[in-house]
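Everything numeric here is computed off the predicted structure, so don't read it as measured data. Counting convention: from 1, in listed order, for ligands and their atoms alike.
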Amino acid sequence: MSIALFPGSFDPLTNGHLDIIRRASKMFDKVVVGVGSNTSKTALFTPEEKIGLISVTVADLPNVEVAIMHGLTVQFMAEIGAKFIVRGLRNSKDFEYERDIAGVNSALADVETILLLAKPENQNISSSMVKEIGSMGADNMVKFVPRVVVDALKERLN
Ligand code: ADP
């Protein structure tokens, strides 16, 4: 069985992340969305809140699971039996960053990194941008994040 890990901060989940999850779910038998527990960025949502938001959003994808990650990525992958890491690429900055991490991970363990290109309409979406414009009307926000995330952002930012 091919198992892939899609690790990230997901603070919060965006339509860009969701597109990568959907596409990965067609490529692998199982996709585990791994929510980082020890991010250095100041998080707006707790790992548990992120799990809730992601779980509701991917409820229609039977082969997608959501989990809180702990330890090194490759250690967590060994625990869940994943051989593939999925990451999304928006631009050349993402590419440089992902290339370095992929190199380290493949030196540490027998894992393969699969980089999926962001769709053009998602190329400018980032969690930090979403947090900045989170006070915009819901009609604007649904272009960037799933509806449950719009509601959670409104509650958190107001
Ligand atoms: P991290 O802090 O680990 O980069 P993020 O939640 O910011 O966590 O991103 C997780 C993954 O999703 C990364 O591979 C990132 O490049 C990818 N990603 C982020 N935004 C988008 C987007 N709009 N379209 C496609 N991939 C994206």
Side-chain angles (χ1 to χ4, degrees), residues 3-28 30-58 61 63-77 79-80 82-106 108-109 111-134 136 140-150 152-153 156-157:
I3 304 176
L5 172 70
F6 179 39
S9 308
F10 306 109
D11 190 50
L13 177 78
T14 68
N15 290 341
H17 293 135
L18 184 57
D19 179 58
I20 299 294
I21 296 170
R22 285 195 185 286
R23 286 159 60 194
S25 75
K26 293 183 198 146
M27 299 169 61
F28 303 97
K30 184 161 113 182
V31 174
V32 177
V33 180
V35 176
S37 54
N38 53 350
T39 170
S40 57
K41 297 177 196 166
T42 318
L44 188 61
F45 296 99
T46 66
E48 290 75 18
E49 288 169 333
K50 294 174 188 177
I51 297 264
L53 293 171
I54 300 169
S55 300
V56 168
T57 310
V58 302
L61 302 172
N63 64 336
V64 176
E65 290 176 11
V66 193
I68 293 179
M69 285 199 306
H70 43 82
L72 284 179
T73 303
V74 291
Q75 288 170 337
F76 184 70
M77 290 175 75
E79 268 176 45
I80 62 170
K83 288 272 179 215
F84 303 94
I85 308 175
V86 170
R87 295 281 286 177
L89 282 189
R90 286 162 294 187
N91 48 44
S92 54
K93 205 173 138 217
D94 275 355
F95 171 73
E96 307 247 318
Y97 179 72
E98 298 299 341
R99 182 187 51 192
D100 289 350
I101 298 187
V104 171
N105 285 327
S106 74
L108 290 174
V111 297
E112 199 68 63
T113 299
I114 312 291
L115 300 174
L116 297 180
L117 291 174
K119 287 211 179 128
E121 63 266 35
N122 294 332
Q123 260 162 16
N124 297 313
I125 304 179
S126 68
S127 296
S128 42
M129 176 273 278
V130 162
K131 281 182 273 195
E132 273 173 37
I133 62 162
M136 293 284 290
N140 283 309
M141 291 303 291
V142 289
K143 294 174 196 156
F144 305 118
V145 293
R147 175 63 67 169
V148 279
V149 176
V150 174
L153 275 168
R156 189 55 42 99
L157 296 172

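- Near A118, with a cut-off below 4.0 Å to any heavy atom, the atoms of ligand 1 are 24 (N), 25 (C).
- Remark: D94 does not engage R87 in a salt bridge, criterion side-chain N to carboxylate O under 4.0 Å.
- Atom numbering of ligand 1 starts at 1 in the shown order; those under 4.0 Å from a heavy atom of F10 are 6 (O).
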Check your understanding: Stepwise, does the side-chain contact (heavy atoms from CB on, under 4.5 Å) test hold for V104 with V74?
Key -> CA-CA 10 Å; V104 171; V74 291; over 6 Å; no

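- In this structure, K83 has no side-chain hydrogen bond (donor to acceptor under 3.5 Å, both in side chains) partners at least two apart in sequence or on a different chain.
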Under 3.5 Å donor-acceptor pairs involving side-chain atoms of residues 121-129, not counting sequence neighbours:
unit_1, atom_1, unit_2, atom_2, d
S126, OG, S128, OG, 3.4
S126, OG, M129, N, 3.1
S127, OG, P12, O, 2.8

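- Both the backbone and the side chain of I125 come within 4.0 Å of ligand 1, counting heavy atoms alone.
- Nearest heavy-atom pair, L44 versus D11, reported as atom, atom and distance to 0.1 Å: N-OD2, 2.7 Å.
- In terms of polar-atom proximity, defined here as any N/O pair under 3.5 Å, S126 makes no such contact with ligand 1.
- Checking H17, K50, E121, R87 against atom 13 (C) of ligand 1, the nearest heavy atom belongs to R87.
- Every N/O-N/O distance between Y97 and ligand 1 stays at or above 3.5 Å.
- In this structure, F76 and H70 have perpendicular ring planes: the angle between them is above 60°, well past the 30° mark.
- Judged by the shortest distance from any of its heavy atoms, F6 lies inside the 4.0 Å radius around the atoms of ligand 1.
- To the nearest 0.5 Å, atom CG of residue L13 and atom CG of residue L53 are 7.5 Å apart.
- Here's the thing with G88: one of its N/O atoms is less than 3.5 angstrom from an N/O atom of ligand 1.
- Against a heavy-atom cut-off of under 4.0 Å, G8 is close to the following atoms of ligand 1: 3 (O), 8 (O), 10 (C).
- In terms of polar-atom proximity, Q123 is not counted as a contact of ligand 1, lacking any N or O under 3.5 Å from an N or O of the ligand.
- Annotation for G88 and F6: closest pair N-CE1, 4.3 Å, computed over non-hydrogen atoms.
- Checked by distance only, ligand 1 and N122 come closer than 3.5 Å through their nitrogen or oxygen atoms.
- Only the side chain of R90 comes within 4.0 Å of ligand 1, judged by heavy-atom distances.
- With rounding to the nearest 0.5 angstrom, the CD atom of E65 is 9.0 Å from the CG atom of N63.
- Counting heavy atoms closer than 4.0 Å to ligand 1, residue E98 contributes side-chain atoms (C-beta onward) but none from N, CA, C or O.
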